[in-house]
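Each chain gets a letter, A, B and so on, in the order the sequences are listed, and its residues count up from 1. Keep in mind that this is a model prediction, so the values were computed, not measured.
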Amino acid sequence: MSEHIVPSKTYYAIWILLLILTGVTAWVSTIDLGPLNTIVALVIATSKALIVTLFFMHVKYTSEKMTKVVIACAVFWLLILLALSMTDYATRHLA
Amino acid sequence: MSNTPVAVDEHTPGLQHHFASMDQQQNAVSLGMWLFLATEIMFFGGMFCAYLIYRHAYPNEFAAGSRSIDLILGTVNTAVLICSSLTVALSVRAAQMGKRTLLVGLLTLTILFGLVFLGIKGVEWYAKYKEHHVPGASFDASDIVRDYPQIPIDQPHEQIFFSLYFAMTGLHALHMIIGVGIFVWLTYTAWKGRYGPGYYAPVEISGLYWHFVDIVWIYLFPLLYLIDRKPLK
């Protein structure tokens with residue numbers, strides 16, 4: 001429900017969590033995890049993006065199901081762009 | 001209007017006649033904004049795709065270039081944007097509750113955080129300019145070659161990393177400047193007392209825009225600053 005007023009306590013908790021995740025991702029990048037460094041950085045970034053979307057952007061609280069469909073489609077389209085481009089570039093040498 | 005199926009709230013001045021309720025109107029407004037943000041995802045997506053292709057092609061140049069960017073300033077700027085997202089979320093709440101003074105204060109704070117972010121970004125860009133890391137005729141990455149001898153790089157390809165660095169942070173900064181402009185207008189109209197429990201759609205959708213720009217930075221931060229920070233052997 002869009003008229004839903006989120007308690008400010010929730011917003012402060014999300015804010016602290018986002019700051020902690022920012023600190024963690026900066027710190028983890030200085031530790032040698034091999035190829036996992038990039039994966040950990042992207043997993044943390046995606047978690048942060050998801051938290052912002054659900055709580056700060058109210059997607060968790062909206063009764064409008066189309067909002068979720070639009071977001072899912074946008075992300076899916078982005079993945080088509082990235083994945084299909086890489087099937088091409090990753091299997092050939094860049095001129 | 002003989003058999004009106006829905007009750008129209010006559011006491012809600014912000015409600016347009018073609019919507020049944022404020023709730024429906026608010027949902028439609030948010031959905032429209034999300035459609036715009038979907039186009040923005042594709043707009044930035046083109047750049048992320050270029051980044052992915054070139055990082056795959058020139059991993060060493062991206063690793064060395066990433067090391068030359070200031071990690072502390074990048075982390076601080078990420079925190080500044082997260083703080084601005086908090087003040088935006090709280091300002092939507094203040095508008096919903098009709099707390100005008102709090103709303104104006106929180107919107108002003110958001111503008112300040114936005115300006116701090118742009119200021120720090122400017123400091124970082126100026127440092128890159130002084131280091132001759134701006135792509136073009138005066139580009140010189142010999143300091144990067146000297147600082148990280150363990151990473152073999154090709155100078156012309158190093159320019160690709162910095163081209164993407166400036167294009168991506170530049171496009172993001174442009175969105176921040178537009179966002180600050182929108183929030184200046186919001187603060188003015190909020191100060192005039194336009195928003196309250198009956199009408200706060202502009203605060204809500206401007207907030208969606210601001211959070212989206214924050215999310216773009218949440219990805220730019222690891223993709224540009226944290227590519228390769230582990231100790232060099």
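At a 4.5 Å heavy-atom cutoff, the contact between A:Y12 and chain B is made by backbone and side-chain atoms alike. With a 4.5 angstrom heavy-atom cutoff, A:I71 touches chain B only via side-chain atoms. For chain B, the nearby parts of A:M66 are the backbone and the side chain; heavy atoms of each come within less than 4.5 Å. Within the 4.5 angstrom heavy-atom criterion, atoms from both the backbone and the side chain of A:D32 approach chain B. Looking at A:S8, the atoms closer than 4.5 Å to chain B (heavy atoms on both sides) sit in the backbone and in the side chain alike. Of the two parts of A:V59, only the side chain, counted from C-beta on, holds a non-hydrogen atom closer than 4.5 Å to a non-hydrogen atom of chain B.
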Requested in this report: Check the pair A:T67 / B:M33 against side chain to side chain contact (heavy atoms under 4.5 Å, CB included), numbers first and verdict last.
Outcome: CA-CA 9 Å; A:T67 302; B:M33 193 61 194; over 6 Å; no
Report task. Take A:L42 and B:L223 through the side chain to side chain contact (heavy atoms under 4.5 Å, CB included) test and state the conclusion after the steps. Result -> CA-CA 8 Å; A:L42 285 177; B:L223 291 180; 3.9 Å; yes
Query - Worked check of side chain to side chain contact (heavy atoms under 4.5 Å, CB included) between A:M57 and B:I215 - result: CA-CA 11 Å; A:M57 298 172 96; B:I215 288 175; 3.8 Å; yes
Report task. Before giving the answer on side chain to side chain contact (heavy atoms under 4.5 Å, CB included), spell out for B:E204 and A:H58 the whole-Å C-alpha distance, their side-chain angles and the decisive distance to 0.1 Å. Result -> CA-CA 10 Å; B:E204 168 87 16; A:H58 302 151; 3.2 Å; yes
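Among B:S85, B:P222, B:A38, the residue making the largest number of heavy-atom pairs under 4.5 Å with chain A is B:S85. With respect to chain A, the highest number of heavy-atom pairs below 4.5 Å among B:V92, B:T75, B:L90 belongs to B:L90. Interface check for chain A: of the options B:F44, B:F221, B:Y219, the most heavy-atom pairs under 4.5 Å are formed by B:Y219. The candidate from B:W34, B:F48, B:Y225 with the greatest count of non-hydrogen atom pairs under 4.5 Å with chain A is B:W34.
When atom types are taken as modelled, the side chain of B:R93 and the backbone of A:V6 share a donor-acceptor pair closer than 3.5 angstrom.
Annotation: the span from B:M42 atom CE to A:L78 atom CG amounts to 6.0 Å, rounded to 0.5 Å.
Annotation: side chain of B:D23 is in contact with side chain of A:S63 (closest heavy-atom distance under 4.5 Å). Side-chain contact check for B:T78 versus A:K48: some heavy-atom pair is nearer than 4.5 Å. In this structure the side chain of B:M97 reaches within 4.5 angstrom of the side chain of A:I5, judged on heavy atoms.
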